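All remarks here apply to the structure that follows.
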Protein chains: 2
Amino acid sequence: MAASTLSEVARLAGVSLATASRVLNGSSRKPAEDIAGRVRDAAEKLGYVPNAQAQALAKSSSGLIGLIVHDIADPYFSAIARGVQEAARQQNRMVLLASTSGAPHDEKEAVAAFAARRADSIVIAGSRSVRAQDKQGNTELAAELDRYCRNGGHVGVVGHPVVGASTTEGYHVVKVPNEELAAGLAAELAATHHGEFLIVAGPEGLYTSDDRVRGFQRGLTDAGRPAAEIIRTGFNRAGGYDAGLALADRIKASKERLCIFAVNDVMAIGVTAALRPEGVWIPRDATIAGFDDIETLRDFRPALSTVHLPLEDIGRLAAGDPDTPPVSGAVKLRRSTETPVESQV
Amino acid sequence: MAASTLSEVARLAGVSLATASRVLNGSSRKPAEDIAGRVRDAAEKLGYVPNAQAQALAKSSSGLIGLIVHDIADPYFSAIARGVQEAARQQNRMVLLASTSGAPHDEKEAVAAFAARRADSIVIAGSRSVRAQDKQGNTELAAELDRYCRNGGHVGVVGHPVVGASTTEGYHVVKVPNEELAAGLAAELAATHHGEFLIVAGPEGLYTSDDRVRGFQRGLTDAGRPAAEIIRTGFNRAGGYDAGLALADRIKASKERLCIFAVNDVMAIGVTAALRPEGVWIPRDATIAGFDDIETLRDFRPALSTVHLPLEDIGRLAAGDPDTPPVSGAVKLRRSTETPVESQV
DNA sequence: TTGCAACGGGAATGCGCTTTCCCACATGAA
DNA sequence: TTCATGTGGGAAAGCGCATTCCCGTTGCAA
């Protein structure tokens, strides 16, 4: 990647480097129009493309915003990514992407790489976790982030504060009311469902999952219902699928409909997918609700009851967009939790 | 973003700048172990993070790879993005993201921005188009890309060559056998479906759409069937939805089942979604097939017949990964095109 | 002991740009 | 006419690093 430089442009235009810079890259000092014209012509003729690296070096601001997600192909993250991308665009920045599969160690590496590139800010979107196996990774990640902040960086975190961060300076946490919304969901479900509840959750220690579980249980309690049993599995479709397999027989054996709360939409889809070939129909034999309201899944049938989250806005907020309204979700009851008319075949 | 610099480290370690550089950033010359240790300690103590901008400037290679997509939240693109991301990771690079909604003008801007950042290569994943309204944009985009290549850049294009590129130097086109695969799909469908076919296509001029349409028609012709009627609409779910609305009455009026080929999966989903509330059931009243085999859509019911595309591999290939096998798709016939036993209720 | 190669650390240069500082010149008031 | 003031261009000093070139040391053969 070589290209013509500013000094070549300046020479061709017969002006100094300083003048050329002032003309081409928005300075407060505006050279005279005839000179400016000459410079612009020269730049055009040479196909001059400013070297952003050099600019960043000279004015120490890179115009970069780093984004860390678990998996960019996961619709939850790609929706957030879209928001971040849009905010970046408005701020005239570019986004640097890193997928980490959620491993704190990889996240730490990503942060280091972003710091090396002198990203103006970092958005970290994956769910935080306090699992034992992540302990060391979390500590390292926190240290790396703290250092980044100490050097003047801004970090936007989705959901929960980074585990082990020693300061709040520079951090900006976009709170997602997982617990409240899950409680709301439980309340609405309890109004029509009079049988048992069951929660298909992610691994213990994953904040997002834990919050939603806690909220749901609280909602049940407030409605005067017993707490739901919890099945722990992977926080993705495969996890939901496994849970579905494990539940099939039990659902078939029971004469009462079970209401399943999967802590996110893709898990709910996984559960449903596992149940279907077993002859368990939703909502006839069991009902199910998810969380997130993933766009790509809206055409799924039976339409999935869930909690809507403004993922794109969340991304925007994490990227520091001031015009985005605060996060506010909403319970969406759809077909998958409808109580069918009592004409069970 | 300020941070401690190499020279601070060097001073603290009591060595020269050159030595510190050699120790910390993989040079061919390895200073003595005791000195290296001192330098590493100093770096550790200061929390030194190398400035990638400055490194890039000094050795003119940025370790960046630019990715241009229409919409990162679209599962088609996010799957490709995952591939690119993985390839980048293997090559020890980072990916710069740009979403452009498919507007050639925005794509041009993105290329310019990537060029400014001296990205080592650019992957451009959106479908190319020859629509009249994109004419000027295409020309500008091509010019910008040509310039980028002339300056030593590499560009990987998914699908079709960039319209109007004046050279092939530096370009690397990942060919997607849309036409052949669509022909294959038509052939397989024609084997069991004996009624009419209809194509729900994107706007004329969009290569991907046009190729698939052409291939499908050829497949029909080769099977001795008349060419299918074509409905043109948007290349996304909304487009499919509109087409579905337009088709509902016609399907209900006809006594013969129609087989619909939507040129991509999300359009097929859109068609289905529009048809459902009209009481038109798939595959009972009409059958439908898509294209892409989007992962998130696999749990959709009725399971969508489609053509599988190794999107992740495509991304990897476009990002220049040498170990990825060439693109090869496969027809997947599923429930949505099954001919039901003649027991139509 | 001398001479030469090999080794290893340091000074200095440059990557492409921004920005400060300086200076020449023009303009206005005294 | 003279001096204060302002205007606008240029020279030069970095920004943080890699790298070339130079030079003092050391090891070894002659």
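This is a predicted model, so every value here is computed, not measured. Just so it is clear: chains get the letters A, B, ... in the order the sequence lines come, proteins before strands, and each one is counted from 1.
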Cationic N near anionic O, under 4.0 Å, A:R316 to A:D313: yes

Contact under 4.0 Å: A:Q55 side-chain N or O vs C:dT18 OP1/OP2: yes

Side-chain donor or acceptor of B:D120 paired with backbone N/O of B:G63 under 3.5 Å: yes

B:L24 CG to D:dA18 P, straight-line distance once rounded to whole Å: 9 Å

A:L46 CG to C:dG16 P, straight-line distance once rounded to whole Å: 14 Å

Side-chain N,O (A:N51) to OP1/OP2 (C:dC15) below 4.0 Å: no

Atom-to-atom span, CD of A:E8 to C1' of C:dC15 - whole angstrom: 13 Å

Closest-nucleotide 5' rank along DNA chain C - winner of A:T19 and A:A54: A:A54

Residue whose closest nucleotide on DNA chain D lies nearer the 5' end, A:S16 versus B:S7: A:S16

Integer-rounded Å distance: D:dC15 P and B:L17 CG: 12 Å

Nearest-angstrom distance from the residue atom CG of B:N25 to P of C:dC15: 20 Å

Touch class at under 4.0 angstrom, heavy-atom based, for A:T5 against every strand present: sugar-phosphate

Atom-to-atom span, CD of A:Q53 to C1' of C:dG14 - whole angstrom: 16 Å

For atom CD of B:E33 and atom P of C:dC7, their distance in whole Å: 18 Å

Sugar-phosphate, base or nothing in reach of B:L6, heavy atoms under 4.0 Å: sugar-phosphate

Flag for A:Q136-A:E140: side-chain donor and acceptor within less than 3.5 Å: yes

5' priority, DNA chain C, between B:A58 and B:R22 [closest heavy atom]: B:R22

Interatomic distance where CD1 belongs to A:I35 and C1' belongs to D:dT7 [whole Å]: 12 Å

Any B:S21 side-chain N or O less than 4.0 Å from OP1/OP2 of D:dA18: yes

B:A3 backbone acceptor or donor facing B:Y48 side chain under 3.5 Å: no

Donor-acceptor contact present, side-chain A:Q53 to main-chain B:R117, <3.5 Å: yes

